[in-house]
Every structure is written in structure tokens, then in C-alpha cells.
K.L.:
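Attaching a single structure in C-alpha cells format; questions to follow.
Residues take their numbers from the sequence shown, with the count starting at 1.
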Amino acid sequence: MRSLNRFAVFLAVLLAFGATAAFAQRRFFFGWNESVRNIPYDGRFTFVRVRYNPAPGGYWPGRRPSWIHGYPLAERNLMKIMNEISVIGAHDDVNTVTLDDPELFKYPIAYIIEVGWWTVTDREAAGLRAYLQKGGFLFVDDFKPEGWRGPGGGWEPFAATMRRVLPDAQLLDMKATDPVFHSFFEIDGIDHFPQAYVSGEPVFKGIYEDNDRRKRLMAIINYNTDVSQFWEWSGLGLRPIDETNEAYKLGVNYLVYGLTH
């Protein structure tokens with residue numbers, strides 16, 4: 001695989017200094033810090049996470065909203081990998097944006113998590129619809145079956161919200177042969193992808209332009225899994241390196257696909 005040896009070496013380095021970095025960033029590791037502000041747009045790639053008002057049940061201890069899980073350590077670690085194996089020159093900083101903010105259109109890829117508690121206003125639904133139709137790529141991660149941490153959450157609330165965004169969209173099962181899994185690294189199997197901490201097999205779904213698999217993938221959906229947990233914990237030694245490698249490769253492929261399609 002391209003850059004695989006270099007990638008593995010860099011991940012080992014990340015593991016070596018990551019515990020110190022995580023400690024230094026612990027105020028971010030556990031929740032939203034209102035003093036954090038977005039960096040100005042300058043044309044360089046910046047990872048952006050979607051903020052939203054969670055549905056009831058979508059707040060973690062300390063009134064932390066569901067959208068913030070892993071912010072910004074997971075993304076920062078992924079950007080370290082991207083900058084090591086590519087010439088993307090991405091910012092280390094991570095921005096956040098709401099779906100009704102015109103700033104969204106400055107970012108080719110938008111990342112959203114814990115979408116079992118995701119809600120949208122009419123303006124936010126229209127904003128995401130326009131973003132996807134104009135070429136934006138949505139990366140959905142980290143949500144599990146209903147009841148995994150109490151009432152609420154699960155697949156159906158997410159599917160209902162997506163129907164408000166794209167009423168005619170079909171949520172299609174992804175196949176290992178789909179281009180997104182070969183946009184940089186060759187990922188030949190997705191049926192038994194490593195799990196961070198939930199049971200059962202991960203489910204990968206996608207939304208294609210005009211519901212046509214031959215056209216552009218507009219959204220990739222990781223269900224019953226938490227790929228970003230591997231990125232977040234990669235400097236702490238809490239997950240096997242080989243499984244963390246696979247999670248990083250998946251993230252890299254999603255970003256490369258979103259930037260090139």
C-alpha cells in the first residue's frame with residue numbers, strides 16, 4: 001500500500017508523544033471550551049466539525065453536547081497523519097460550524113458525529129442540502145443503536161433528519177469495491193472493520209448523487225461504530241496499533257475522496 005511503512009512509523013511516533021499531548025489538551029479532550037474560536041479562512045485545508053443543538057438525551061455529563069465527543073483531539077491527530085503522508089498542508093486547528101452558516105461552503109468536507117441526537121432547523125436542513133448539491137462531502141461517524149447509552153439515539157432519528165435534508169435520497173449499503181475505499185489506501189474489506197467499543201459489526205452507508213452509485217458519493221455514514229475513537233486515543237495506547245492503522249486509513253481515504261470528487 002502507498003506510504004504504508006512511513007505511515008506505520010509515524011503512527012508509532014504519534015503514540016510515543018501522544019500521552020503528553022493529550023494531557024496538555026485535557027481541557028479539550030473532555031468537552032467544549034467556549035474560549036476556542038475558529039481560525040480565519042486562508043485557502044488551506046481546515047478540518048471542520050458540525051455543531052448542532054442535540055435532541056433530548058444528547059448531552060453528556062457536564063452538559064457537553066453530543067456533537068463535541070472527541071473534539072478536537074481526534075481531528076488533530078488525523079491531520080498529523082494527513083500532513084505526514086501528503087502535501088495537503090492542512091491546518092492543525094479544527095474549526096466548528098453550524099449548517100446554516102455561509103462559512104460552511106468554504107470547507108469541502110464536513111464532519112458530524114453522534115447523529116442519533118442530531119436535529120436541524122429548516123434553515124440548517126436547507127444549508128446542508130445546498131452544500132451537498134454544490135459538491136460538499138459529509139462524513140458521518142460515531143453513532144450506535146438506540147438505547148446504547150440510555151433513551152434516544154439510534155439509526156431512525158438520523159434517517160428522519162436526513163429525509164428533511166434530502167427527501168429523495170436513498171441510504172445505500174457501501175461495498176468494499178466502492179471508489180472511496182480505494183482513493184488512497186487500498187481497503188479491501190469493510191465487513192469486519194475494527195470496533196472501538198460497541199458490539200456487532202459496523203455498518204457503512206452512503207448517499208450518492210441522484211441515488212446512482214456511478215456518480216459522486218455525497219455522504220459517507222459510519223453506523224454502529226466510532227472510527228474517530230481510534231484517532232482520539234491513538235496517542236494513549238488504549239487501542240491496538242494495527243486496528244488504529246485501519247481507522248486512520250479509512251479517515252485518510254474519506255478526506256482524499258472528498259477533496260477530489
K.L.:
Are the side chains of Y59 and S66 in contact, using a 4.5 Å heavy-atom criterion?
P.N.:
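They are not in side-chain contact.
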
K.L.:
Would you say that more than 12 heavy atoms from the other residues, nucleotides or ligands in this model lie under 6.0 Å from the CG of N224, or not?
P.N.:
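Result for CG/N224: enclosed.
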
K.L.:
Are R239 and T244 linked by a side-chain donor-acceptor pair shorter than 3.5 Å?
P.N.:
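Their side chains do not contain a donor-acceptor pair, so the 3.5 Å distance test is not met.
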
K.L.:
For R214, what residues pass the side-chain hydrogen bond (donor to acceptor under 3.5 Å, both in side chains) criterion, not counting sequence neighbours?
P.N.:
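Counting only residues at least two positions away or on another chain, R214 forms a side-chain hydrogen bond (donor to acceptor under 3.5 Å, both in side chains) with D212.
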
K.L.:
So, using ring-ring contact (aromatic ring centres under 6.0 Å, His included) as the criterion, who are the partners of F230 when residues are at least two apart?
P.N.:
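ring-ring contact (aromatic ring centres under 6.0 Å, His included) check on F230 returns nothing, list empty.
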
K.L.:
Among pairs that include at least one residue of residues 252-261, which meet side-chain hydrogen bond (donor to acceptor under 3.5 Å, both in side chains), considering only residues two or more places apart or in two chains?
P.N.:
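Only N222-Y254 qualify under side-chain hydrogen bond (donor to acceptor under 3.5 Å, both in side chains).
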
K.L.:
What are the two closest non-hydrogen atoms of I68 and I113, and how far apart are they?
P.N.:
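Nearest heavy atoms, I68 then I113: C-CD1, 4.5 Å.
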
K.L.:
Can you check whether V97's main-chain N or O pairs, donor with acceptor, with N38's side chain at less than 3.5 Å?
P.N.:
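Such a contact is absent between N38 side chain and V97 backbone.
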
K.L.:
Which residues satisfy the ring-ring contact (aromatic ring centres under 6.0 Å, His included) test with Y107, sequence neighbours excluded?
P.N.:
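Listed in chain order: nothing, the list is empty.
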
K.L.:
Can you name the residues that form a side-chain hydrogen bond (donor to acceptor under 3.5 Å, both in side chains) with R164, not counting sequence neighbours?
P.N.:
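With neighbours one apart ignored, the set is D122.
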
K.L.:
State the CG-CZ distance between L259 and F45, to the nearest 0.5 angstrom.
P.N.:
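Answer for the CG-CZ pair, L259 versus F45, is 5.0 Å.
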
K.L.:
Would you say the side-chain atoms of R49 pair up with the backbone N or O of V94, donor to acceptor, closer than 3.5 Å?
P.N.:
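It does not hold such a pair.
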
K.L.:
Which residue pairs pass the salt bridge (Lys or Arg N to Asp or Glu O under 4.0 Å) test when at least one of the two sits in residues 169-182, sequence neighbours left out?
P.N.:
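Passing the test, one end in residues 169-182: D173-K205, D178-R213.
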
